[in-house]
2 protein chains.
Amino acid sequence: MTSSTRGPGQRAGLDRTRVLAEARALLDEVGLVGLTMRSLAARLDVAPNTLYSHIRDKSEMVDLLLDEVLADVPVPTPGRVRRDPVGALRRMMTASYDALLHHPDLVPHYLTRQGARGPIARRLGEVMMDALGHIGLTGTSAEKAMRVLIVNTIGFAAFSTEGGRDAGPLPTREVRASHAHALDWLLAGITGETG
Amino acid sequence: MTSSTRGPGQRAGLDRTRVLAEARALLDEVGLVGLTMRSLAARLDVAPNTLYSHIRDKSEMVDLLLDEVLADVPVPTPGRVRRDPVGALRRMMTASYDALLHHPDLVPHYLTRQGARGPIARRLGEVMMDALGHIGLTGTSAEKAMRVLIVNTIGFAAFSTEGGRDAGPLPTREVRASHAHALDWLLAGITGETG
DNA sequence: ACCTGAACACCGTTCAAGT
DNA sequence: ACCTGAACACCGTTCAAGT
């Protein structure tokens with residue numbers, strides 16, 4: 001079951017996407033602590049070092065998983081962003097908060113590692129800059145506003161998930177309300193910036 | 001040098017405070033990644049398992065270090081808090097931000113673990129609640145405001161120190177400015193809460 | 001190109017024993 | 001009470017070799 005009889009040279013039918021899909025599944029089951037190169041290899045029924053044929057190292061794998069989480073965040077259309085930029089920002093940040101809550105273990109890494117720097121995260125960043133532009137912010141002040149919103153979201157997501165996957169039914173209502181409240185305060189500050 | 005010739009039963013003159021002091025020194029030198037039970041034992045010139053005579057496990061040690069970092073935050077006097085509660089909050093959060101920046105590796109743990117729950121952190125929390133009370137907030141709304149301010153500070157500290165101890169001369173000016181700006185927006189929202 | 005066996009250089013922690 | 005040797009159950013990663 002754990003390691004079949006397969007000699008060197010005999011394929012196991014693995015590819016990069018399969019490895020990543022199984023990594024995500026394993027992450028959901030056992031958390032980041034349980035997601036080791038060796039446990040992932042066991043699940044795929046290959047030797048641990050086989051993974052290095054498909055992935056550079058563990059940190060690359062984690063980075064890819066981080067970006068995938070953000071795929072659950074709906075991207076508003078340019079028209080919608082133009083018509084209601086503040087609402088678009090509010091929805092994006094709330095959806096991001098919810099997406100992050102589904103993967104408590106990963107959250108701290110968004111703040112630590114360059115984290116949200118994969119293609120999906122970059123796309124979200126572009127849309128945010130677009131929305132801020134419609135509010136009247138550009139350049140460094142827009143970047144500052146974006147940082148503020150991102151930190152608020154990731155910070156509260158991390159705060160909501162203390163202790164990883166053991167701390168009760170995920171978003172204690174109070175913390176979720178705090179995130180929404182802080183978001184409003186920040187958006188008020190950001191829009192007031194231009195007046 | 002690394003391991004002297006000492007038989008079982010022969011004391012090394014260790015105690016809990018000495019262990020913690022040396023752990024903090026080692027942390028400053030090599031970062032959290034380099035702070036292992038074995039490296040700390042080597043520095044103290046004892047066997048690795050000796051540490052368990054003075055500390056329950058590694059997580060307890062990290063928790064104690066987390067709390068120690070906050071000792072650098074000046075606690076305002078009750079009179080000062082009464083006279084200028086908003087200013088007191090601003091100074092406390094800014095000082096906390098700066099203190100956290102001195103220990104980049106530790107920052108994510110303040111959001112992840114119950115983190116800031118040691119005696120020093122609890123004392124700071126009490127003073128914050130006192131200040132919020134003078135502004136006019138009590139109960140759950142005061143707790144919400146406190147959460148918002150704490151998340152903002154820790155979040156930006158984490159954001160300031162991407163990649164731990166390798167990312168340039170610590171606070172990129174822009175991020176530090178963002179923290180100050182967000183702090184003002186949040187304090188404005190908090191004080192507006194009561195009007 | 002994909003996979004293996006074997007090994008390297010580590011971890012945190014426990015257990016029994018010594019003084 | 002404090003410390004040791006030895007061991008357990010792990011890690012991530014590399015290297016040479018096989019098809």
Q. Expressed in angstrom and rounded to an integer, what is the separation of A/M61 atom CE from D/dT13 atom C1'?
A. 13 Å
Q | Salt bridge flag under 4.0 Å for residues B/R122 and B/D67 | A | no
(Q) Counting only side-chain nitrogens and oxygens, does B/T50 get under 4.0 Å of the OP1 or OP2 atom of D/dT4? (A) yes
Q: Ignoring hydrogens and angles, tell me if any N or O in the side chain of A/T153 forms a donor-acceptor pair with the backbone of A/Y97 under 3.5 Å.
A: no
Q. Any sub-3.5 Å donor-acceptor pair from B/T50's side-chain atoms to B/V46's backbone N or O?
A. no
Q: Check the distance between C/dG12's C1' and B/E60's CD and give it to me in whole angstrom.
A: 15 Å
Q. Could you give the CG-to-C1' distance, from A/D57 to D/dC11, as a whole number of Å?
A. 14 Å
(Q) Ignoring hydrogens and geometry beyond distance, is a side-chain donor-acceptor pair present between B/S39 and B/T36 at under 3.5 Å? (A) yes
(Q) Pick the closest DNA chain C nucleotide for A/P48 and for B/P48 by heavy atoms, then say which residue is nearer the 5' end. (A) A/P48
Q. Rounded to the nearest Å, what distance is computed from the CZ atom of residue A/R56 to the C1' atom of nucleotide D/dG12?
A. 15 Å
Q: Using atom types as modelled and distance alone, determine if a side-chain donor or acceptor of A/T94 lies under 3.5 Å from a backbone N or O of A/R90.
A: yes
(Q) Quick test of your reading of the model: are B/E29 and B/R24 salt-bridged, counting only N-O distances below 4.0 Å? (A) no
Q: Specify the separation, in whole Å, of atom CE of B/M37 and atom P of C/dC11.
A: 12 Å
(Q) Roughly how many Å apart are D/dC10 and C/dC8, using the C1' atom of each and rounding to a whole number? (A) 15 Å
Q) Any donor and acceptor pair, going by atom type alone, linking the side chain of A/D57 with main-chain N or O of A/E60 inside 3.5 Å? A) yes
Q) Any ion pair linking B/E22 and B/R16 (charged N to carboxylate O, less than 4.0 Å)? A) no
Q: State whether A/R91 and A/D84 are salt-bridged, where the test is any N-O pair (Lys NZ or Arg NE/NH1/NH2 against Asp/Glu carboxylate O) under 4.0 Å.
A: yes
Q: Using only side-chain N and O atoms of A/H54, determine if any of them is under 4.0 Å from OP1 or OP2 of C/dA1.
A: no
Q | Aromatic plane relationship, B/F159 with B/F156 - under 30° parallel, 30 to 60° tilted, over 60° perpendicular | A | perpendicular
**Q.** Gap in Å between the two C1' atoms, one belonging to C/dC2 and one to D/dA17, rounded
**A.** 13 Å
Q: Tell me which residues in residues 16-26 of chain B put a heavy atom below 4.0 Å from DNA chain D, sorted by number, or none.
A: none
(Q) How many whole angstroms separate atom CG of A/L32 from atom C1' of D/dG12? (A) 14 Å
Q) In whole angstroms, how far is the P atom of D/dC11 from the OH atom of A/Y52? A) 12 Å
Q. Between which residue ranges does DNA chain D form stems of three or more consecutive Watson-Crick or G-U wobble pairs, both distances under 3.5 Å?
A. C:4-8 with D:12-16, C:12-16 with D:4-8
Q: Could you tell me the separation between the CG atom of A/L51 and the C1' atom of D/dC11, rounded to a whole number of Å?
A: 14 Å
Q.
Can you tell me which nucleotide in C/dT4, C/dT13, D/dT4 comes closest to the side chain of B/K58?
A. C/dT13
Using the 3.5 Å cut-off, write out each protein N or O paired with an N or O of nucleotides 6-10 of chain C and the distance between them.
| from | atom 1 | to | atom 2 | distance (Å) |
| --- | --- | --- | --- | --- |
| C/dA6 | N6 | A/N49 | ND2 | 3.3 |

Q) Under 3.5 Å, side chain of B/D130 to main-chain N/O of B/G133, donor-acceptor pair present? A) no
Q: Indicate yes or no: does A/R117 engage A/D63 in a salt bridge with an N to O separation below 4.0 Å.
A: no
